[in-house]
Peer 1: 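Handing you this structure, nothing more for now.
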There are 2 protein chains.
Amino acid sequence: MKQPGRAERLEEASPVALRTVRADARRNLDALLEAAKAVFGTSGVDAPVREIAARAGVGIATVYRHFPQRSDLVAAVFRREVDACAAAAPTLGRAHQPVEALARWLRRYTSFIATKRGLAAALHSGDPAFDALPAYFRQNLEPALQSLLDAAVRAGQIRDDVEAYELLRAVGNLTLATGDDGVLQGRRMVDLLIDGLRFGARAPAASLPSKRRRPQR
Amino acid sequence: MKQPGRAERLEEASPVALRTVRADARRNLDALLEAAKAVFGTSGVDAPVREIAARAGVGIATVYRHFPQRSDLVAAVFRREVDACAAAAPTLGRAHQPVEALARWLRRYTSFIATKRGLAAALHSGDPAFDALPAYFRQNLEPALQSLLDAAVRAGQIRDDVEAYELLRAVGNLTLATGDDGVLQGRRMVDLLIDGLRFGARAPAASLPSKRRRPQR
DNA sequence: AGTGATACGGAACGACGTTCCGTTTGTCAA
DNA sequence: TTGACAAACGGAACGTCGTTCCGTATCACT
């Protein structure tokens, strides 16, 4: 099962000349990912495959040629967005002051999470296509955030006792837990969190324990 | 919408004579709930309606007459099991020593949770039929467990700084988080938790903080 | 320009949730 | 008991979904 397909061989060997992959195939794959991202954002990850195919201007079979199962498409879109979000970190880091870059990236991350309604449930559905996703998420986003955090700490603009992963989880929960309505409310909470990071900057503060207080409720 | 149905009126007025509800209807409803419970337990809450109807020896339309939507059936089975689980508490409390009753009830509760794979996802699906379920869960199970806890504390058999709701959540997470395989492993962890309750009995213990340590990871 | 592999579109399939409707069955009055 | 009517029934039928199949069109290379 799963014949290798002689195209992929060349693709890995010579990253520049990726011939033997037909132009229309590549074009359709891009359109598909783009359409899926848009549709998932508006209708959730449970949107029908037909709707995505229609939006991409493509037949249904084309979807299934690139992604043997529906869940593979979901996973591919997810990975692509993780990549884009991670890639935004160094760009922002170069363009802004450390703490500003951090704030902007967290907002970027927030809007990424906001489009993922319904995916949290899918992740626990047991579909093997999603097995590798949590690890992919962490492996890419944690270093991206970590670098921004480090820079801000070095600049003395934020406290130094918060780790990237816990911040990722906290912000993620903050924007998901607000339900369907409070996208703005979630963003406000994230801003509050960022101010919290600023508060302890360059001040080990005897009154502040090294761990955040347990969130109430 | 949701016409009252003249049958229910009498049902409330005279608890004994519940005429005007045809005998076969009541019989089928019971069979349906029973079958759904069994099927949900083996095939998960996503099992087809047809399978449940077949198991109950009933037509599909009969299912939809009693439960206008599939999710209503799921909710009804859930409520029924919550009721049964809550009702087990006083029974066990009368039949055993306090800490033994507590342990038995928690295991009972564990096996209830174990059949709920896939329901956690359904709860967050946004279906209005599930809106009231979390509150129903807590309102019934928390007092049931609380009474067992209180009895065990009064008997000096367990520590007194654990609240019913946090224990409900902890045991719930413990048995759900173990994934598909570790039903037994989950049960072992719950037993461990019960031993933890015993440990601090009648001993305020200066070395033990009043709150459990944060779970690692 | 010709040719063979590659990718395409859309009809078709099976399974699902849900609805419809002709038929059966329980209940109550006579 | 029997008759009649509302209540409840069963299963075919509908629309939608994920997925597969297959005849056709398109790209890449000579």
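Chain naming here is simple, since letters A, B, ... match the order of the sequence lines and numbering starts at 1 in each.
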Peer 1: At less than 4.0 Å, is any side-chain N or O atom of Asn28(A) found next to OP1 or OP2 of dA7(C)? Yes or no.
Peer 2: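 So the side-chain polar atoms of Asn28(A) never come under 4.0 Å of the phosphate oxygens OP1 or OP2 of dA7(C).
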Peer 1: Measure CG/Asp72(B) against C1'/dG17(C) and give the value in whole Å, please.
Peer 2: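 Nearest whole value for this atom pair: 13 Å.
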Peer 1: If a protein heavy atom is under 4.0 Å from the base, mark B; if only from the sugar-phosphate, S; if neither, -; do that for nucleotides 22-27 of chain D going 5' to 3'.
Peer 2: ----BS
Peer 1: Test salt bridge (charged side-chain N to carboxylate O under 4.0 Å, His left out) on Arg198(A) and Asp195(A); report intermediate values, then the result.
Peer 2: CA-CA 5 Å; Arg198(A) 283 194 171 111; Asp195(A) 286 343; 3.2 Å; yes
Peer 1: How many whole angstroms separate atom CZ of Arg26(A) from atom C1' of dA28(D)?
Peer 2: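 In whole Å, dA28(D) C1' lies 15 Å from Arg26(A) CZ.
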Peer 1: Whole-Å distance between dA8(D) C1' and Leu32(B) CG?
Peer 2: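 After rounding, the reported distance stands at 13 Å.
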Peer 1: Out of curiosity, Leu123(B) CG to Phe130(B) CZ, how far, rounded to the nearest 0.5 Å?
Peer 2: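 Between Leu123(B) CG and Phe130(B) CZ, I get 7.0 Å after rounding to 0.5 Å.
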Peer 1: Looking at every heavy atom in both Leu148(A) and Ala89(A), which two are closest together, and how far apart are they?
Peer 2: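 Minimum heavy-atom separation between Leu148(A) and Ala89(A): CD2-O, 3.7 Å.
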Peer 1: Under 4.0 Å from OP1 or OP2 of dG18(D): is there any side-chain N or O of Gln69(A) that close?
Peer 2: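 No, because none of the side-chain N or O atoms of Gln69(A) sits under 4.0 Å from OP1 or OP2 of dG18(D).
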Peer 1: Counting only non-hydrogen atoms, which of residues 35-51 of chain B are less than 4.0 Å from DNA chain C?
Peer 2: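 Residues of residues 35-51 of chain B under 4.0 Å from DNA chain C: Ala47(B), Pro48(B), Val49(B), Arg50(B).
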Peer 1: Let me check something: any side-chain donor-acceptor pairs from residues 44-67 of chain B under 3.5 Å, sequence neighbours excluded? List them with distances.
Peer 2:
none

Peer 1: Does anything in residues 90-100 of chain B form a side-chain hydrogen bond (donor to acceptor under 3.5 Å, both in side chains)? List the pairs, not counting sequence neighbours.
Peer 2: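 Those involving residues 90-100 of chain B are His96(B)-Arg104(B), Glu100(B)-Arg104(B).
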Peer 1: If I take atom CD1 in residue Ile60(B) and atom C1' in nucleotide dG17(C), what distance separates them, rounded to the nearest angstrom?
Peer 2: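 Rounding to the nearest Å, CD1 of Ile60(B) and C1' of dG17(C) are 10 Å apart.
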Peer 1: How many whole angstroms separate atom CG of Leu73(B) from atom C1' of dT18(C)?
Peer 2: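 Nearest whole value for this atom pair: 14 Å.
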Peer 1: Measuring to OP1 and OP2 of dG10(D), would you say a side-chain N or O of Thr62(B) lies under 4.0 angstrom away?
Peer 2: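 Affirmative; the distance criterion is met.
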Peer 1: CZ of Arg55(A) versus P of dG9(C): gap in Å, rounded?
Peer 2: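 Taking atom P of dG9(C) as the reference, CZ of Arg55(A) is at 17 Å.
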Peer 1: Take atom CZ of Phe67(B) and atom C1' of dT19(C), then tell me their distance rounded to the nearest Å.
Peer 2: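 Computing the Phe67(B):CZ to dT19(C):C1' distance gives 18 Å.
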Peer 1: Measure the acute angle between the ring planes of Phe137(B) and Phe112(B), then classify it against the limits of 30° and 60° as parallel, tilted or perpendicular.
Peer 2: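 Correct class here is parallel.
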Peer 1: Which heavy atom of Ala152(A) sits nearest to which heavy atom of Pro98(A), and what is that distance?
Peer 2: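 Distance-wise, the nearest heavy atoms are CA-CB, 3.6 Å.
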Peer 1: Just to verify, what does Arg70(A) make a salt bridge (Lys or Arg N to Asp or Glu O under 4.0 Å) with, not counting sequence neighbours?
Peer 2: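 Partners of Arg70(A) by the salt bridge (Lys or Arg N to Asp or Glu O under 4.0 Å) criterion come out as none, since no residue qualifies.
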Peer 1: With a cut-off of less than 4.0 Å, is there a side-chain N or O of His66(B) near OP1 or OP2 of dA7(D)?
Peer 2: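 It does not, given that no N or O in the side chain of His66(B) lies less than 4.0 Å from OP1 or OP2 of dA7(D).
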Peer 1: Nearest-Å distance, CZ (Arg70(A)) to P (dG18(D))?
Peer 2: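 In whole Å, dG18(D) P lies 5 Å from Arg70(A) CZ.
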Peer 1: Distance-only check: which donor-acceptor pairs under 3.5 Å involve side-chain atoms of residues 76-86 of chain A, not counting sequence neighbours?
Peer 2:
residue: Arg80(A); atom: NH1; partner: Glu34(A); partner atom: OE1; Å: 3.4
residue: Glu81(A); atom: OE2; partner: Lys116(A); partner atom: NZ; Å: 3.1
residue: Asp83(A); atom: OD1; partner: Tyr136(A); partner atom: OH; Å: 2.5
residue: Asp83(A); atom: OD2; partner: Tyr136(A); partner atom: OH; Å: 3.2

